[in-house]
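Take a look at the structure set out below.
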Amino acid sequence: MKIHAAVARAPHMPFSLERLDLEEPREGEILVRVVATGVCHTDIVMRDQHLPVPQPVVLGHEGAGIVERVGPGVTKVAPGDHVVMTFNSCGHCPSCNDHEETYCHEFFPRNFFGARADGSSGLSCEGERVHGNIFGQSSFASHALCHERNIVKVPGDADLALLGPLACGIQTGAGAVMNALKVEPGKVLAVFGMGSVGLAAVMAARVVGASRIIAVDVNETRLALAAELGATDIVNGRTSDAVAAIMAMTGAGVDYAIDASGVPAVIDQCVRVLAPRGTCGIVGASPHGATLTLDLTHILSGGRRVRGIVEGDSNPDVLIPLLIDLHRQGRFPFDRFITFYDFADINQAVEDSEKGIVLKPVVRQPAV
């Protein structure tokens, strides 16, 4: 079938809007008519080859839409179902067997290699191979092929245009609080970086009952929004020493810290504000090969912990519907930081994201 898609053909260059051929769904695959897709920093990283994703490629990994057809063997969804497409996993490695799919041993091949597990791509342009299957979907397109393992059925009356970012960035921030760190009521949390991931962590911390939620950023507008969404304290890391400010607020430090920046110097700050037995969770993506130097005595003497967190340790079939329900209750208003663009304006959406003009751009397909 013919579809419309945004193709990345060269690093640091705009996406090319093209008409492509898309195969019919194979066994275990699902054809989704895309309604909207979030634009994530990871899409930009892949476009610009900071991760070795082959080109030409259709990116997009925060897609939401409606099932049109299913391949043989699919039982999870049926045509007409409303779905969110999230990260893919193999289903048979030790991590998947332990229901820890975010740490799938094949996470990179299944999500970043631009091909199915057998090496094929369902996309082409006049006989030229176009890489697909990014995060098991490649949803910068009018239609996407995904898999039972990376599709989540959502209520039919939910606003699909809003839901795509739940697939990656927002579930990462919320899941870091709810699943990975398991922040308890009455505990103190600091979140460094008030992009969509950090703001999701702030909102989730309010949901779970953290007594103090400290938001750190260098942008006053984002800090003001964080305060509206649940932060009890804000720290501008540009105008003050974030570590000194947090220690002055708390005395002993924080029970949990989350880094959503990926900047090694900021991660160091996260670790330095931990109270004894505190845990730092790293969710921000650092440049490939980036290293971190930490005060080991500080970690050892206080029993402090540092851990990486992928996709919020999420079981998407559980977390995404929960976040939708919390949004309906008014307790998780992630729509506050979404900005919509027409799909034809995807390059403007990416540019505005890179410049920090918007927090979470979402590109919408034309109504059918």
Side-chain angles (χ1 to χ4, degrees), residues 25 28-40 60-71 74-89 99 101-102 135-137 139 141-179 196-197 199-201 203-204 206-208 229-230 311-340 343 360-368:
E29 291 185 335
I30 300 153
L31 176 67
V32 175
R33 176 174 65 79
V34 178
V35 170
T37 307
V39 176
C40 178
H61 64 282
E62 292 183 345
I66 301 170
V67 176
E68 285 204 343
R69 291 192 288 282
V70 299
V74 172
T75 59
K76 188 176 183 180
V77 292
D81 284 344
H82 289 205
V83 296
V84 167
M85 294 173 281
T86 184
F87 63 90
N88 200 12
S89 56
H99 306 292
E101 290 87 353
T102 60
F135 276 67
Q137 56 185 281
S139 54
S142 59
H143 294 75
L145 283 176
C146 66
H147 313 269
E148 280 198 300
R149 291 195 60 80
N150 75 307
I151 199 163
V152 178
K153 186 176 177 180
V154 299
D157 61 348
D159 185 356
L160 280 173
L162 279 175
L163 302 188
L166 296 178
C168 184
I170 293 176
Q171 94 170 333
T172 294
V177 170
M178 295 175 164
N179 299 327
S196 59
V197 175
L199 289 170
M203 292 188 296
R206 181 175 62 174
V207 168
V208 302
L229 295 177
E311 297 289 349
D313 282 12
S314 172
N315 176 344
D317 286 318
V318 175
L319 183 60
I320 289 175
L322 171 62
L323 297 179
I324 292 171
D325 190 44
L326 289 170
H327 177 260
R328 284 176 158 170
Q329 296 173 29
R331 299 171 63 199
F332 195 79
F334 67 93
D335 56 292
R336 292 282 307 277
F337 49 82
I338 286 177
T339 303
F340 290 109
F343 183 69
K360 173 55 69 173
V362 172
V363 291
R364 292 187 287 197
Q365 295 289 341
V368 175

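- For the atom pair CD1 (I66) and CG (L160), the distance works out to 6.0 Å, reported to the nearest 0.5 Å.
- Pairing each heavy atom of C168 with each of E62, the nearest pair is CB-OE2, 3.3 Å.
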*Could you walk me through whether H143 and V32 pass the side-chain contact (heavy atoms from CB on, under 4.5 Å) test, one step at a time?*
CA-CA 6 Å; H143 294 75; V32 175; over 6 Å; no
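- By the side-chain hydrogen bond (donor to acceptor under 3.5 Å, both in side chains) test, H327 pairs with D335, sequence neighbours left out.
- Looking only at side-chain heavy atoms (C-beta outward), L162 and F334 come within less than 4.5 Å of each other.
- When every heavy atom of T102 is checked against every heavy atom of F87, the shortest pair comes out as CG2-CZ, 3.4 Å.
- Note: I320 CD1 to D325 CG = 14.0 Å, rounded to the nearest 0.5 Å.
- Not counting sequence neighbours, the partners of R336 by the side-chain contact (heavy atoms from CB on, under 4.5 Å) test are L225, E228, L229, P333.
- Scanning all heavy atoms of the two residues, the minimum distance from A167 to V84 falls at CB-CG1, 3.7 Å.
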_Evaluate H99 against N315 for side-chain contact (heavy atoms from CB on, under 4.5 Å), listing each step before the verdict._
CA-CA 8 Å; H99 306 292; N315 176 344; over 6 Å; no
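- Judged by distance alone, with hydrogens and angles left aside, the side-chain atoms of N179 form no donor-acceptor pair with the main-chain N or O of A176 at under 3.5 Å.
- The side-chain contact (heavy atoms from CB on, under 4.5 Å) test with E29 singles out one residue from I151, V74, L145, and that residue is L145.
- A distance of 13.0 Å separates CE in M85 from CG in L166, rounded to the nearest 0.5 Å.
- The two residues V177 and A201 have their closest heavy-atom pair at CG2-O, 3.5 Å.
- Within the structure, every pair that satisfies the side-chain hydrogen bond (donor to acceptor under 3.5 Å, both in side chains) test and touches residues 152-170, not counting sequence neighbours, is listed here: D157-R328.
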*Given side-chain contact (heavy atoms from CB on, under 4.5 Å), test R33 with S142 step by step and report yes or no.*
CA-CA 6 Å; R33 176 174 65 79; S142 59; over 6 Å; no
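- Residue pairs meeting the salt bridge (charged side-chain N to carboxylate O under 4.0 Å, His left out) criterion with at least one partner in residues 141-151, sequence neighbours excluded, are E101-R149.
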*Would you please test L31 and V70 for side-chain contact (heavy atoms from CB on, under 4.5 Å) and show each step?*
CA-CA 6 Å; L31 176 67; V70 299; over 6 Å; no
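- Residues that satisfy the side-chain hydrogen bond (donor to acceptor under 3.5 Å, both in side chains) test with D313, not counting sequence neighbours, are Y103, R307.
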Identify all side-chain donor-acceptor contacts of residues 361-368 below 3.5 Å with residues at least two apart in sequence or on another chain.
unit_1: Q365; atom_1: NE2; unit_2: A141; atom_2: O; d: 2.9

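- Residues passing the side-chain hydrogen bond (donor to acceptor under 3.5 Å, both in side chains) test with T37, sequence neighbours excluded: none.
- Annotation: the span from F135 atom CZ to C40 atom SG amounts to 7.5 Å, rounded to 0.5 Å.
- Not counting sequence neighbours, the partners of D317 by the salt bridge (Lys or Arg N to Asp or Glu O under 4.0 Å) test are K76.
- Applying the side-chain hydrogen bond (donor to acceptor under 3.5 Å, both in side chains) criterion to S314, with sequence neighbours excluded, gives Q171.
- Within the 4.5 Å cutoff, the side chain of F337 has heavy atoms near those of the L199 side chain.
- Closest approach of A200 to F332, counting heavy atoms only: O-CE1, 3.7 Å.
- Using a 4.5 Å cut-off on side-chain heavy atoms (C-beta onward), P165 and I338 make contact.
- In terms of modelled atom types and a separation under 3.5 Å, the side chain of K360 and the main chain of T339 share no donor-acceptor contact.
- With sequence neighbours excluded, no residue forms a salt bridge (Lys or Arg N to Asp or Glu O under 4.0 Å) with E311.
- Panel note: side chain N150, backbone G136; a donor-acceptor pair is recorded below 3.5 Å.
- Legend: salt bridge (charged side-chain N to carboxylate O under 4.0 Å, His left out) pairs involving residues 162-171, not counting sequence neighbours: none detected.
- Residue pairs meeting the salt bridge (charged side-chain N to carboxylate O under 4.0 Å, His left out) criterion with at least one partner in residues 163-173, sequence neighbours excluded, are absent.
- The heavy-atom pair separating A204 from A174 by the smallest distance is CB-CA, 3.7 Å.
- Considering only heavy atoms from C-beta on, V83 comes within 4.5 Å of V77 through its side chain.
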